[in-house]
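Take a look at the structure below.
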Protein chains: 2
Amino acid sequence: MSKELPEWEKAREEFVVQWGSLGTQWGIPRTMAQIHALLMTAPEPMCTDDVMERLEISRGNAHTNLKDLVGWNLVRIITKKGDRKEYFEAEKDVWKIFITISKERKRREIEPAMQLLRDCAARTKDEGAGPGREFHQQMQDLDEFLSFGVKVADTVISMKHASALQWAMRLLG
Amino acid sequence: MSKELPEWEKAREEFVVQWGSLGTQWGIPRTMAQIHALLMTAPEPMCTDDVMERLEISRGNAHTNLKDLVGWNLVRIITKKGDRKEYFEAEKDVWKIFITISKERKRREIEPAMQLLRDCAARTKDEGAGPGREFHQQMQDLDEFLSFGVKVADTVISMKHASALQWAMRLLG
DNA sequence: TCACACTTTCATTAAAAACTGAAAATACCG
DNA sequence: CGGTATTTTCAGTTTTTAATGAAAGTGTGA
C-alpha cells in the first residue's frame, strides 16, 4: 500500500505533521503550516498535485493555502519551460524567513493594533484627572511601547544577517 | 435600557471589542483577549460577575478565561477582607506585560518547536550527501536560529525596562 | 453541621474556521 | 477559433473551537 520511505523522509513526515500542530498555536491554519514545512524541506519545487498527494488534501485546500503562502512572501512561484504547471518553492534561508514573517506580522497585526490605540487615546485626550485620564495614559503607554518595538524591528529587518549577529553578540557578551 | 456611559467608557468599550478581534489573529481566543483588555483598563479589580455583565457572557466562559489569564500570569487574584469573592486585576505596566508574554510564549511555543527540530536533526545526523543531508542541515539551521533568538530574549527578559531602553537606543542611534 | 456564597466542572449547543469537490474561469497551443 | 491543461472560486459540509447553563463542589461562618 504505502511505499517504503527513506529514513530522512520519515523524519520529514514527522516534521510536517508536528509543525502543523505547532502552527495552530500561533494562529496559523494547520494546512498552511504543513505546506510551509513541506516546501521548506523540499529538494525540488512542488506543484499543486504533489502537495495534494503528499498531504492527502483537496485541490481547493492546497490551492488556497499555497496562494496564501505566496501572499506572505514565504513561497514563490516557479515556472518550468515546456510545462505549464506552476511550481512552488519556499524560502529556505532562516534569516530571510524571519525578516519576512516580521514584516508581515507588523503590517497585519501590529499596525492595526497601533491604529486602535491611537484612536482610543485621541478620543480621551481631554480627560481630566480620574479614570478617564488613566485610560488615556494606558492607551498611550501601549502605543509608545509598540512604536518603539516597531522601530527596533525595522532596524533589525534592515540589517544583514551578519551585522545582526554581531550586534546581538555584543548584547549577550 | 443601556445606561449612559461617559466618553472614556465608550472608548474603552471600543478598545475591548477591537482588541478581541485582534487577539484572534494572534491565536488568542476572542473572549480571553476582551477580558484582558477590560482588566487592563479597569480602575478597580473586577469580580466574575462584573466581567459577565460587562461583556454579556456566561459564568462558565468568564470563569475559564479569567483563570486562563491567571495561568498566563497576566492577571492576579485579589481578595478583599470581609468579602469572599475573588477579584481580578491585570498587570498594567507595559514592560512587565511584554516580559510575561515573552516568557510564556517561549515556554509554550518555542521550546516544543525546538524539541521537534532536534528530534528531526538527530534522526538524520548520519545522512550522507543528498536530500537527507540537506534536510538535516535545514533542521539544524532552524534550531540554531531559534536557540539564538531564545538567548537574546532571555537577556532582554532579565533586564530592567530602563536598561533595555538604553540598550535599544544605542541600536537605533 | 447546616445554609449560604461562591467557584469549578462539564455535557450540550452554538459559532467559527477549515476543507471538499465540482463547476467556472483562464491560459496556452495547434 | 476549439480543445485541453491548469487555476480559481465557492456553496455546502465537516471539523474544531468556544460558549452556555445548570449541576456539583468547596469552603466559611453562624
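Remember, predicted model here, so these are calculated numbers, not experimental data. No hydrogens, no waters, no symmetry mates; every other heavy atom, side chains included, goes into these values. The chains referred to below are lettered A, B, ... by the order of the sequence lines, with proteins before strands, and numbering in each begins at 1.
Atom CG of Leu142(B) sits about 5.5 Å away from atom CE of Met139(B), to the nearest 0.5 Å. The structure places CG of Leu117(A) at 9.5 Å from CD of Gln115(A), a figure rounded to the nearest 0.5 Å.
Heavy-atom nearest nucleotides on DNA chain C were determined for Thr48(B) and for Glu56(A), and the one closer to the 5' end corresponds to Thr48(B). Nearer to the 5' terminus of DNA chain D, by closest-nucleotide assignment, is the contact made by Arg59(A) (compared with the other of Ile57(B) and Arg59(A)).
More than 12 heavy atoms of other shown residues, nucleotides or ligands fall within 6.0 angstrom of atom NZ in Lys80(A).
Remark: Phe135(B) pairs with Trp8(A) by the ring pair (Phe, Tyr, Trp, His ring centres under 6.0 Å) rule, at least two apart or across chains.
You can see that DNA chain C meets the heavy atoms of chain A within a 4.0 Å-exclusive cut from dA18(C) to dC29(C), reading 5' to 3'. First and last contacting nucleotides of DNA chain D toward chain B (any atom under 4.0 angstrom from a heavy atom, 5' to 3' order): dA18(D) to dT28(D).
Pairs engaging residues 58-67 of chain A under the salt bridge (charged side-chain N to carboxylate O under 4.0 Å, His left out) rule: Asp49(A)-Arg59(A), Lys67(A)-Glu86(A) [sequence neighbours left out]. The side-chain hydrogen bond (donor to acceptor under 3.5 Å, both in side chains) contacts involving residues 154-173 of chain B comprise Lys106(B)-Asp154(B), where partners must be two or more places apart or lie in separate chains. Listed by first then second residue, pairs satisfying salt bridge (charged side-chain N to carboxylate O under 4.0 Å, His left out) with a partner in residues 132-149 of chain B read Arg118(B)-Asp143(B), not counting sequence neighbours. For residues 88-102 of chain B, the side-chain hydrogen bond (donor to acceptor under 3.5 Å, both in side chains) pairs, not counting sequence neighbours, are Arg76(B)-Glu89(B), Arg76(B)-Glu91(B). Here side-chain hydrogen bond (donor to acceptor under 3.5 Å, both in side chains) pairs that include residues 34-44 of chain A, with residues two or more places apart or in two chains, are Arg12(A)-Thr41(A).
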Please list, one pair per line, the donor and acceptor atoms closer than 3.5 Å that link side chains of residues 21-30 of chain A to other protein atoms, with sequence neighbours excluded.
from	atom 1	to	atom 2	distance (Å)
Ser21(A)	OG	Val17(A)	O	3.4
Thr24(A)	OG1	Ser21(A)	O	2.6

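Listed here is the closest heavy atom pair of Pro131(A) and Pro43(B): CB-CG, 4.0 Å. The shortest heavy-atom contact between Ala11(A) and Thr124(B) is CB-CG2, 3.9 Å.
Side chain of Asn61(A) to backbone of Ser58(A): no donor-acceptor contact under 3.5 angstrom is found.
Under 4.0 Å is where a charged nitrogen must lie from a carboxylate oxygen, and between Glu104(B) and Arg108(B) at least one such pair does.
Annotation: proximity of residues 63-73 of chain A to DNA chain D (heavy atom, distance under 4.0 Å) is found for His63(A), Lys67(A), numbered in ascending order. Listed in residue order, the members of residues 22-35 of chain A having a heavy atom less than 4.0 Å from DNA chain C are Pro29(A), Thr31(A). Shown for residues 81-91 of chain A: residues whose heavy atoms fall under 4.0 angstrom of DNA chain C, namely Arg84(A).
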Step by step, would you call Arg105(A) with Glu109(A) a salt bridge (charged side-chain N to carboxylate O under 4.0 Å, His left out)?
CA-CA 5 Å; Arg105(A) 289 197 96 110; Glu109(A) 294 159 8; 2.9 Å; yes
